[in-house]
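Below, all heavy atoms of this structure are taken into account, side chains as well, without hydrogens, waters or symmetry copies.
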Amino acid sequence: PLEMSAKKPVPFLRQVIPVRKKVQRDPRFDDLSGEYKPEIFMKTYSFLDSIKKQEKEMVQKQLKKCRNMEQKEKLQRLLNRMTQQEQAQKKQQKLRERELSLKRQQRELAKQGKKPFFLKKSEKRKLELADKYAELKRSGKLESFLNKKRKRNAIKDKRHLPSQKSL
């Protein structure tokens, strides 16, 4: 055994047997949790959509019954957030479907013996914008959207022009 100095005080909690420290792991970044695949995730948790729909209907009913202004405002914000989340989820789903269809087309072309052609990010953006315009045209909101965009651009242009004071 190792000889120790008697002048040094003995620690109050002496560790006789070394205790193994628990290693905490974050499942988001750990390989043991598996790979994230949005398609599988959506299929697994598809039951949540129906629950969210029920919650939204419940909030709408509460909003109609509510008399307190503060409570009504709070419920309105919650309802807005729920609808925004729903719209974002639909948008993501459309994006995913578009990417999958492009991949399928590339596979078909590859089977025919042609070279695969992958779209650039800018090309994907253009396709997305074209879809957006088609959707707006179908719903009849294209003109109002373009007017708003024109106004926004006019304000931006005004900001870059020299002011009247400097003339």
Would Gln60 and Leu63 count as a side-chain contact (heavy atoms from CB on, under 4.5 Å) if you check the C-alpha gap in whole Å, the side-chain angles of each, and the deciding distance to 0.1 Å? CA-CA 5 Å; Gln60 285 173 333; Leu63 190 65; 5.5 Å; no
Side chains of [X] and [Y]: closer than 4.5 Å at any heavy-atom pair?
X      : Y      : answer
Arg152 : Ile155 : no
Thr83  : Lys56  : yes
Glu86  : Met82  : no
Gln76  : Asn80  : yes
Tyr45  : Ile40  : no
Arg81  : Gln85  : yes
Lys53  : Asp49  : no
Leu75  : Cys66  : yes

Around [X], counting heavy atoms of other residues, nucleotides and ligands shown, do more than 12 lie under 6.0 Å from its [atom1]?
X     : atom1 : answer
Glu70 : CD    : no
Tyr36 : OH    : yes
Lys72 : NZ    : no
Asp26 : CG    : yes

To check you understand the geometry: which heavy-atom pair defines the closest contact between [X] and [Y], and what is its length?
X      : Y      : value
Leu119 : Leu102 : CD1-CD1, 3.7 Å
Lys64  : Arg67  : O-NH1, 4.2 Å
Ser33  : Arg25  : OG-NH1, 3.6 Å

Nearest 0.5 Å, what's the [atom1]-[atom2] distance between [X] and [Y]?
X      : Y      : atom1 : atom2 : answer
Arg96  : Lys94  : CZ    : NZ    : 13.5 Å
Lys151 : Lys148 : NZ    : NZ    : 9.0 Å
Leu95  : Leu127 : CG    : CG    : 11.0 Å
Lys158 : Leu161 : NZ    : CG    : 9.0 Å
Gln87  : Gln92  : CD    : CD    : 13.5 Å
Glu55  : Leu79  : CD    : CG    : 12.0 Å

Glu128 and Arg98: side-chain contact (heavy atoms from CB on, under 4.5 Å), yes or no, with the steps? CA-CA 9 Å; Glu128 194 175 319; Arg98 189 182 303 121; 3.9 Å; yes
Give the cluster check for [X] versus [Y]: same hydrophobic cluster or not, with ILVMFWY residues linked at side-chain heavy-atom distances below 4.5 Å.
X      : Y      : value
Phe118 : Leu100 : no
Leu48  : Phe41  : yes
Leu129 : Phe145 : yes

Are Glu135 and Arg138 ion-paired here, with the side-chain N under 4.0 Å from a carboxylate O? yes
Would you mind checking if Arg77 and Glu73 are paired as a salt bridge, meaning a charged N to carboxylate O distance below 4.0 Å? yes
Test side-chain contact (heavy atoms from CB on, under 4.5 Å) applied to Lys120 and Glu123, step by step: CA-CA 5 Å; Lys120 290 187 234 171; Glu123 295 293 324; 4.2 Å; yes
